[in-house]
Amino acid sequence: MRFQYILGLLFSLEAAALRFGNTPTYQVQKAAEERKAARSLVKRDDTDPELLYPAYNLSVPTDFFHNETRYEPHTNDTFNLRYWFDASYYKPGGPVFVLLSGETDGTGRLTFLQKGIVHQVIEATGGIGVILEHRYYGTSFPVPNLSVENLRFLSTEQALADVAYFAQHVSFEGIDEDLTAPNTPWIAYGGSYAGAQAAFLRVVYPDVFWGTISSSGVTAAITDYWEYFEPIRQFAPPDGIAATQTYIDVIDSILLNNTDKTQQLKDAFGLGGITNDSDFANVFTNGPYCWQSTNWDPDLNSPGCYYYFGNLSSTTVNYNWTEDKRETVQDLLETAGYGNDSYAETVLLNAIGYFGETSVSAWNASGVSQNDYFTLLNASQWQDEEIDPAGGRSWNYQVCTEWGYFQTGNTPKDIKPIVSRTLTLEYTSFFCGAAYNLTLPDTDKVNKYGNFSIEYDRLAIVGGNADPWRPATPLADSAPKRPNTIEKPFWEIAHGVHHWEENGIFLNQTTPLLPPYPVIWAQQYIKNFVVEWLKEFDSKNDHYEL
């Protein structure tokens, strides 16, 4: 069961709008192999979006910035940027609503043309819906392989230039009109990393994009992103969080202060073959990391998250086989300062049981050593230069050059953490040196666009208050507060996680609880302010009618 869950988590790294987690190198490679095998077994039906929406390509320049030394040697080459569109609701004079697919294969976003925010907006406005793939993902690669030299054209500013060029040069098959910007109102939407792109487009190319919507948009690049775990600590099931804090505190008490018990601790969890303490501690992030994969839509939700929290918060021992560990657990708790604490004893036994039947079970099925299976520190396995449609090497390069977001255990001392403090910046950023011979990113290359304070007319900021990426968005607690207006929408989705208003369900799937009302309200609000923005375009240009 856990093996399936781990693979599900790794697949979610591909599908999620912004990747998360410190995934061991063996497991990354194994998941890539599983993806390749799965593609050959895919069964399609008449609702498959890849059949409903054929792919198109637009030739775009590989290098937009010949005056920038970072892109040397420069090139005049072009490459095919892939896109899809739906014109079934289009009425002459309608807008173009483009969803930026972000750091993954764009085919994973096609369902938004059928249902979700793209479908809803184009139906309400008589517009064309577009899914636009990002350079270095899917099939939109300007290079034959991902050597460090070939990755030099993968940057935020080059990717933004792609979208602006696309808006000014694309033509849509079957439509005999010039729908390029700025003569046609273009509205860009993105979630997470793509949400930051959408925000930046309005600031960098205001004459091209009439408006943009940044959903869970991480407009602030942050190197040491310990804050990732704060919304999880604050909004995930409280009993499960308390249990997580307890067993993590026990683990850290031993790894950091009672090292003579380290091997006993690892053995108790069935992980005695892991040499590096941080590799050992990283196993337990598979609990809290599940939160980003929760969704209001049952088809997208990760049920393993509540399986984790439910197991850890149980007031009774869930796994009979852990009884043999009780004396060892009591000794470890005594060492960690939890002597005679029956609650902590139950928590630790359930943690041993949960990770034994998930992580340890998955390792058992792998046929490799625990060090090979769980380590992040295998340098050679980070150096695969093969083209990967899912974009793992591409995104890691962006992380190491510009974005950061190393999810560490550097939680402030006044906060009881939900991941180990042994997950240092040096450990979580190891792959930057191994894969690209880089150290830490230059986040100024991103933050120059506005950081937490990014603001512009017809730039909407939307996100969930329970989103682990909220601390990197303008909705962060530390960001400047601002009013919500039609001209500058600023909307927080109650109990929402990661860009929850982006996806949708078909009308015949709705129930009194699905979609939840906070999602319905956010989607309705987006439709409403886009309509108002288009009226403003009509007033300015005197030719658009809703």
Side-chain angles (χ1 to χ4, degrees), residues 56-68 70-71 74-85 95-103 106 109 118 127-138 140-142 152-172 177-215 217-219 394 398 402-403 445-450 454-460 530 533-534 537 540-541:
Y56 297 87
N57 289 284
L58 179 71
S59 180
V60 302
T62 299
D63 184 3
F64 286 93
F65 301 97
H66 284 251
N67 59 333
E68 295 286 344
R70 65 186 292 204
Y71 304 117
H74 294 287
T75 181
N76 292 316
D77 288 348
T78 60
F79 73 100
N80 284 332
L81 194 65
R82 187 166 58 159
Y83 68 98
W84 303 259
F85 72 92
V96 177
F97 189 85
V98 56
L99 184 141
L100 309 177
S101 68
E103 73 287 17
R109 310 298 188 211
V118 180
I128 292 177
V130 179
I131 306 296
L132 181 61
E133 195 161 71
H134 193 295
R135 61 167 58 200
Y136 286 84
Y137 296 91
S140 301
F141 285 89
R152 70 188 182 279
F153 299 115
L154 176 54
S155 69
T156 301
E157 64 181 4
Q158 295 276 12
L160 294 176
D162 283 340
V163 187
Y165 184 93
F166 178 85
Q168 295 172 92
H169 292 86
V170 70
S171 60
F172 297 104
E177 294 180 51
D178 179 3
L179 297 180
T180 57
N183 298 319
T184 296
W186 277 66
I187 309 293
Y189 176 102
S192 198
Y193 161 67
Q197 276 191 292
F200 299 161
L201 285 171
R202 184 70 182 120
V203 173
V204 181
Y205 297 102
D207 296 330
V208 177
F209 296 94
W210 183 247
T212 64
I213 302 164
S214 177
S215 175
V218 288
T219 58
S394 298
Q398 292 188 259
E402 297 184 335
W403 288 87
K445 286 184 169 64
V446 170
N447 290 330
K448 67 182 181 181
Y449 297 116
I454 191 167
E455 185 178 20
Y456 213 93
D457 289 348
R458 297 187 301 279
L459 164 55
V530 168
W533 289 357
L534 295 175
F537 184 89
K540 178 181 177 182
N541 295 274

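No hydrogens, no waters, no symmetry mates; every other heavy atom, side chains included, goes into these values.
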Spatial distance of atom [atom1] ([X]) from atom [atom2] ([Y]) [nearest 0.5 Å]:
X	Y	atom1	atom2	value
Gln158	Asp63	CD	CG	5.0 Å
Leu99	Leu132	CG	CG	9.0 Å
Asp457	Arg202	CG	CZ	6.5 Å
Glu68	His74	CD	NE2	8.0 Å
Leu160	Phe64	CG	CZ	10.5 Å
Arg109	Ile131	CZ	CD1	9.0 Å

Report task. Establish, from distance only, whether the side-chain atoms of Tyr449 and Thr156 form a donor-acceptor pair under 3.5 Å. Result -> no
Would you say the side-chain atoms of [X] pair up with the backbone N or O of [Y], donor to acceptor, closer than 3.5 Å?
X	Y	value
Ser214	Gly195	yes
Arg135	Phe79	no
Trp210	Trp533	yes
Arg82	Glu133	no
Thr212	Ala198	yes

For residues [X] and [Y], determine if any side-chain heavy atom of one lies less than 4.5 Å from a side-chain heavy atom of the other.
X	Y	answer
Val208	Trp186	no
Ile454	Phe200	yes
Leu154	His134	yes
Ser155	Tyr71	yes
Tyr205	Val163	no
Arg70	Glu157	yes
Leu100	Leu201	yes
Asn80	Ser59	yes

Between [X] and [Y], how do the two ring planes meet: parallel, tilted or perpendicular, split at 30° and 60°?
X	Y	value
Tyr56	Phe85	tilted
Tyr189	Phe97	tilted
Tyr136	Phe141	perpendicular
His169	Tyr165	parallel

Atom of [X], atom of [Y] and distance for their closest heavy-atom approach:
X	Y	answer
Thr180	Asp178	OG1-OD1, 2.6 Å
Trp403	Ala196	CH2-CB, 3.8 Å
Leu58	Tyr83	N-CE2, 3.9 Å
Pro185	Phe537	CD-CE2, 3.5 Å

Query - Candidate list Val130, Thr184, Val170, test side chain to side chain contact (heavy atoms under 4.5 Å, CB included), partner Leu179, passing option - result: Thr184
